[in-house]
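For reference, the structure is listed below as structure tokens.
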Amino acid sequence: MSMQESGEMYLETIYVLLKKMPVVRAIDISEYMGYSKPSVSRALGILKNGGYVTVDSDGSISLLEPGLELAHKIYERHTVLTNLLIKLGVDAKTASDDACRIEHHISDQSFEAIKSYVEKNGI
């Protein structure tokens with residue numbers, strides 16, 4: 001299952017917003033990401049066709065199991081990498097921006113090694 005970086009970013013955004021609010025709609029994603037509503041609609045169509053999300057008749061968006069799994073994976077990568085970079089002395093904004101770039105390209109093996117190292121060393 002390979003997905004483009006932009007699709008992963010949309011899933012992560014939906015995941016983050018669902019942690020903060022009971023219902024997520026396209027407008028919420030648009031405002032959070034700073035993307036136009038047509039761009040968000042296009043992306044949601046692709047995610048829907050891929051079996052990652054559903055969009056109810058009232059516009060509320062839900063993550064299906066594959067979408068939830070991938071969103072959680074990306075969110076975990078973002079969180080672990082951001083926290084590690086901050087601990088290494090990188091400012092929070094730069095750490096988050098860099099983590100966002102890394103999280104979509106790092107291999108599972110390398111990420112698991114970093115995560116294990118961070119956990120083992122209480123970082």
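Just so you know, these numbers come straight off a predicted model, no measurement behind them.
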**Request:** For residues 89-98, pull every pair meeting salt bridge (charged side-chain N to carboxylate O under 4.0 Å, His left out), keeping only residues two or more places apart or in separate chains.
**Result:**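 Qualifying pairs: Lys93-Asp97, Asp98-Arg101.
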**Prompt:** Could you give all pairs that pass the salt bridge (charged side-chain N to carboxylate O under 4.0 Å, His left out) test and reach residues 112-123, with sequence neighbours left out?
**Reply:**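 Every pair satisfying salt bridge (charged side-chain N to carboxylate O under 4.0 Å, His left out) with a residue in residues 112-123: Glu76-Lys115.
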**Request:** Test side-chain contact (heavy atoms from CB on, under 4.5 Å) on Asp28 and Met21 and set out the steps.
**Result:** CA-CA 10 Å; Asp28 302 313; Met21 51 189 15; 4.1 Å; yes
**Asked** Where do Glu103 and Glu8 land on the side-chain contact (heavy atoms from CB on, under 4.5 Å) test, with the steps shown first?
**Response** CA-CA 10 Å; Glu103 72 197 23; Glu8 292 179 349; 5.9 Å; no
**Request:** Determine, using ring centers only, whether Tyr35 and Tyr10 are less than 6.0 Å apart.
**Result:**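 Aromatic pair counts; centres sit under 6.0 Å.
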Any side-chain heavy atom of [X] within less than 4.5 Å of one from [Y]?
{"X": "Leu17", "Y": "Thr13", "value": "yes"}
{"X": "Lys87", "Y": "Val118", "value": "no"}
{"X": "Ile29", "Y": "Ile61", "value": "yes"}
{"X": "Val55", "Y": "Lys48", "value": "yes"}
{"X": "Ile74", "Y": "Met9", "value": "no"}
{"X": "Tyr32", "Y": "Lys20", "value": "yes"}
{"X": "Ile123", "Y": "Tyr117", "value": "yes"}
{"X": "Leu64", "Y": "Val53", "value": "no"}

Hydrophobic clusters here meaning ILVMFWY residues chained together by side-chain heavy-atom distances under 4.5 Å, can you tell me if [X] and [Y] are in one?
{"X": "Leu70", "Y": "Leu81", "result": "no"}
{"X": "Val24", "Y": "Ile46", "result": "no"}
{"X": "Val16", "Y": "Tyr52", "result": "yes"}

How close do [X] and [Y] get, counting heavy atoms only, and between which atoms?
{"X": "Thr82", "Y": "Ser96", "result": "OG1-CA, 3.7 Å"}
{"X": "Gly51", "Y": "Pro66", "result": "O-CG, 3.7 Å"}
{"X": "Ser39", "Y": "Ser36", "result": "OG-OG, 3.0 Å"}
{"X": "Leu11", "Y": "Ala71", "result": "O-CB, 3.5 Å"}
{"X": "Arg25", "Y": "Gly59", "result": "CG-O, 3.5 Å"}
{"X": "Leu47", "Y": "Gly7", "result": "CD2-O, 4.1 Å"}

**Request:** In sequence, state the C-alpha distance, the side-chain angles, and the governing distance for Val90 and Ile86, and then conclude on side-chain contact (heavy atoms from CB on, under 4.5 Å).
**Result:** CA-CA 5 Å; Val90 178; Ile86 290 170; 5.8 Å; no
**Request:** Nearest 0.5 Å please: distance from the NE2 atom of His72 over to the CD atom of Glu12.
**Result:**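 The distance works out to 11.5 Å.
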**Request:** Look at the rings of Tyr15 and Tyr75 and say which category their plane angle falls in: under 30° parallel, 30 to 60° tilted, over 60° perpendicular.
**Result:**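 Judged by the thresholds at 30° and 60°, the geometry between Tyr15 and Tyr75 is tilted.
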**Prompt:** Is there a donor-acceptor pair closer than 3.5 Å between any side-chain N or O of Arg77 and the backbone N or O of Ile106?
**Reply:** yes
**Message:** Would Thr79 and Leu84 count as a side-chain contact (heavy atoms from CB on, under 4.5 Å) here? Give the steps.
**Reply:** CA-CA 9 Å; Thr79 304; Leu84 175 62; over 6 Å; no
